[in-house]
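The model shown is predicted, which means the values in this text are computed figures rather than measured ones. Values below: every heavy atom of this structure, side chains too, minus hydrogens, waters and symmetry copies.
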Amino acid sequence: MKVVYNAAHLLHDPHVEFETSRTHSPWEHIGRAEAIRETLQADARFAFVDPSEWGTAPIEAVHNPGLVKFMSEGWQLYNAAQPGVREVVADVFYRAALRDKMSAGREPQSILGRVGYWCFETTTPLTEGTYTAARGAVNTALSATRLVLDGESSAYGLCRPPGHHATADLYGGYCFFNNAAIAAHHIASTTGSKVTILDVDYHHGNGTQQIFYDRDDVQYVSLHGDPARAYPYSVGFADETGSGRGLGFNINHPMPARADDDLFVSALSTACEQIAAFGPAVLVVSLGLDTYITDPISDLAVTTPGMRRCGEVVRQLGLPTVVLQEGGYDVAALGANVQAWLVGLGA
C-alpha cells in the first residue's frame, strides 16, 4: 500500500493546550505522526510517496475563503499585536446572540476578536507553522485520493493536523481544514460519482457532518462515542439524519462506553451494509485510532487485533478506498494500530 507522508506537519508544534480548565502538553503533537511513519516504514508492505501541491482552490471549494485567509495570516497578525505569543488561543468566541441584527455575522476588525470568530473551542492553538502544516495535510489527502482515482485499490494519507472537526467556517478539535471533506468533494465534483465518508474516530466528525448534511452525493457514516458523554457533546446523535436532499444520507452510530472489539466490529458491519446500500464509487475513511482500549482521552475498548478486524470488514466492501489519518493519542500503540487496520484492509 502506498503511504503519502508530508514533513510539513512538523511545523505545527504546539507545546501547550487549554482543556478542562487546565493547561497541559497537547494530546495532538508531532510525535503521533512520527510514530506512525516509523512503524509503517519498517514494514515492506508499505511504500512511501511524497504529496503534490494542490493550492487553495480545493480547500475553498469546501471552506469559507475567509477562514483560509485568516489561517494564512492569523498567527502573524496576533503576534504583531501581542508580541512573543507562541500558541494563539481565542479570548472571546463569536455567538450570534451577542450581536444585534445589523451586525450579526460581521467579522471583527481586531485580531483578538478574529481568532474567536473562526475558532469554536480552546484546545486548538495556532502556531507559527500551523497554516503551512494544515495546507500540507490537505496536499497529503488529495495526493492519496489521486492515487486511488488513478487505479490503486487503496492508499493511506498520513494527515496531520487531522481534519474532521473543521466545519465549512470554523476550525477546532485539533483540526484546521477538513481533509476528508476536501477529498470527498474533490472526488464527487470531478468524477460525478457518489462518495461515502466512513468515520471511525472516537470523536464525532461534526465538521464533516455539517459540510455534507444537505447533500445526496456524499454519504457520511460515523461510529463514535455517544455525544451525551463525548466530545463534541452537542453533535453526533442518532437522530441526525441529514436535511433536504441529504435526508437519510447522514448516519450516526453512537457507541456505549467500553465497547469492545465484538461490539465495535458488529456496529461497523452494520455501517458497511448501509454504505453498500448507498452504492458509492469511492470510500474515504476518516481513520481515528482513539477507540483503542488505553487511549488517554477516550473510553472505548478496541484492541490492536480488533483494529485489524475493522480493516477486514471494510475490505469486504470491495471499494476503492482512501484512508486519511484523524485521531489516536496512545502514541506508544498508535503505529501498531494503524498498521493493523491497514493490513486488515489489504496492505
Side-chain angles (χ1 to χ4, degrees), residues 4-14 26 28 30 32-33 51-76 88 90 107 114-115 117-121 123-146 157-190 195 197 199 201 203-213 215 218 220 232 284-288 322-327:
V4 183
Y5 168 82
N6 194 339
H9 87 89
L10 298 168
L11 298 174
H12 177 58
D13 185 23
E28 203 298 293
I30 61 175
R32 296 178 58 251
S52 301
E53 171 59 51
W54 289 76
T56 60
I59 304 173
E60 293 181 349
V62 167
H63 289 288
N64 188 326
L67 173 63
V68 181
K69 182 177 187 297
F70 171 78
M71 287 295 304
S72 72
E73 65 186 16
W75 188 91
Q76 289 78 7
V88 170
E107 182 178 2
R114 289 179 69 197
V115 181
Y117 183 82
W118 295 110
C119 183
F120 67 84
E121 48 96 279
T123 71
T124 310
L126 291 180
T127 69
E128 185 173 10
T130 297
Y131 176 65
T132 301
R135 285 278 306 276
V138 172
N139 289 336
T140 296
L142 289 171
S143 296
T145 300
R146 173 50 56 194
L158 209 178
C159 294
R160 182 181 175 270
H164 72 154
H165 293 305
T167 72
D169 301 301
L170 299 169
Y171 72 90
Y174 307 148
C175 303
F176 300 96
F177 300 136
N178 195 315
N179 307 309
I182 293 166
H185 177 77
H186 175 75
I187 297 166
S189 62
T190 60
V195 183
I197 300 174
D199 192 331
D201 193 283
H203 304 97
H204 177 260
N206 59 289
T208 312
Q209 173 171 298
Q210 182 264 341
I211 289 166
F212 296 111
Y213 203 64
R215 287 176 55 169
V218 179
Y220 180 65
V284 177
V285 178
S286 279
L287 181 63
V322 182
V323 183
L324 304 178
Q325 188 61 45
E326 300 283 2

CG-CG distance between Leu170 and Asn178, expressed to the nearest 0.5 angstrom: 12.0 Å
Distance in Å, Leu67 CG paired with Glu60 CD, rounded so as to fall on 0.5 Å steps: 9.5 Å
Residues at least two apart in sequence or cross-chain that pass side-chain hydrogen bond (donor to acceptor under 3.5 Å, both in side chains) with Arg146, listed by chain then number, are Asp150
What distance do Glu53 atom CD and Arg135 atom CZ have between them, rounded to the nearest 0.5 Å? 4.5 Å
Ignoring hydrogens, what is the shortest heavy-atom contact between Tyr174 and Pro162? Give both atom names and the distance. O-CD, 3.5 Å
How far apart are the closest heavy atoms of Thr190 and His186, and which atoms are they? OG1-O, 2.6 Å
Just say parallel, tilted or perpendicular for the rings of His63 and Phe177, cut-offs at 30° and 60°. tilted
Donor-acceptor under 3.5 Å (Tyr171 side chain, Thr124 main chain): no
Could you measure the distance from the CD atom of Glu28 to the CD atom of Glu326? Nearest 0.5 Å is fine. 10.5 Å
Calculate, to the nearest 0.5 Å, the distance between atoms NE2 and CG belonging to His164 and Asp199 respectively. 5.5 Å
Of all residues at least two apart in sequence or in a different chain, which pass the side-chain hydrogen bond (donor to acceptor under 3.5 Å, both in side chains) check with Thr167? none
Ignoring hydrogens, what is the shortest heavy-atom contact between Arg215 and Ile211? Give both atom names and the distance. CD-O, 4.3 Å
Please check this pair: side chain of Arg160 against backbone of His9, looking for a donor-acceptor N/O pair closer than 3.5 Å. yes
When you compare the side chain of Phe70 with that of Leu126, does any pair of heavy atoms fall below 4.5 Å? yes
Nearest heavy-atom approach of Val4 to Ser143 is CG1-CB, 4.1 Å
All heavy atoms of Trp118 vs all of Glu107, minimum pair found to be NE1-OE2, 2.8 Å
Short N-O contact, Glu73 and Arg114, less than 4.0 angstrom: yes
Gly327 backbone acceptor or donor facing Gln325 side chain under 3.5 Å: yes
With sequence neighbours left out, write down each residue that passes side-chain hydrogen bond (donor to acceptor under 3.5 Å, both in side chains) with Gln210, or none if nothing qualifies. none
Could you state the interatomic distance from OG1 (Thr145) to NE2 (His185), rounded to the nearest 0.5 Å? 12.5 Å
Could I get the full list of side-chain hydrogen bond (donor to acceptor under 3.5 Å, both in side chains) partners for His204, not counting sequence neighbours? Gln209, Asn252
With heavy-atom distances below 4.5 Å as the criterion, would you say the side chains of Trp54 and Ile182 are in contact? no
Of all residues at least two apart in sequence or in a different chain, which pass the salt bridge (charged side-chain N to carboxylate O under 4.0 Å, His left out) check with Asp169? none
Ser72 meets the side chain to side chain contact (heavy atoms under 4.5 Å, CB included) criterion, sequence neighbours left out, with Tyr131
Do Thr127 and Thr130 pair up side chain to side chain, a donor and an acceptor below 3.5 Å, judged on atom types alone? yes
Thr208 (side chain) donor-acceptor with Ala181 (main chain) under 3.5 angstrom: no
Say whether, by atom type as modelled, one donor and one acceptor occur between the side chain of Asn179 and the main chain of Ser286 under 3.5 angstrom. no
Looking at every non-hydrogen atom in both residues, tell me the closest pair between Cys159 and Ala137 and how far apart they are. SG-O, 3.6 Å
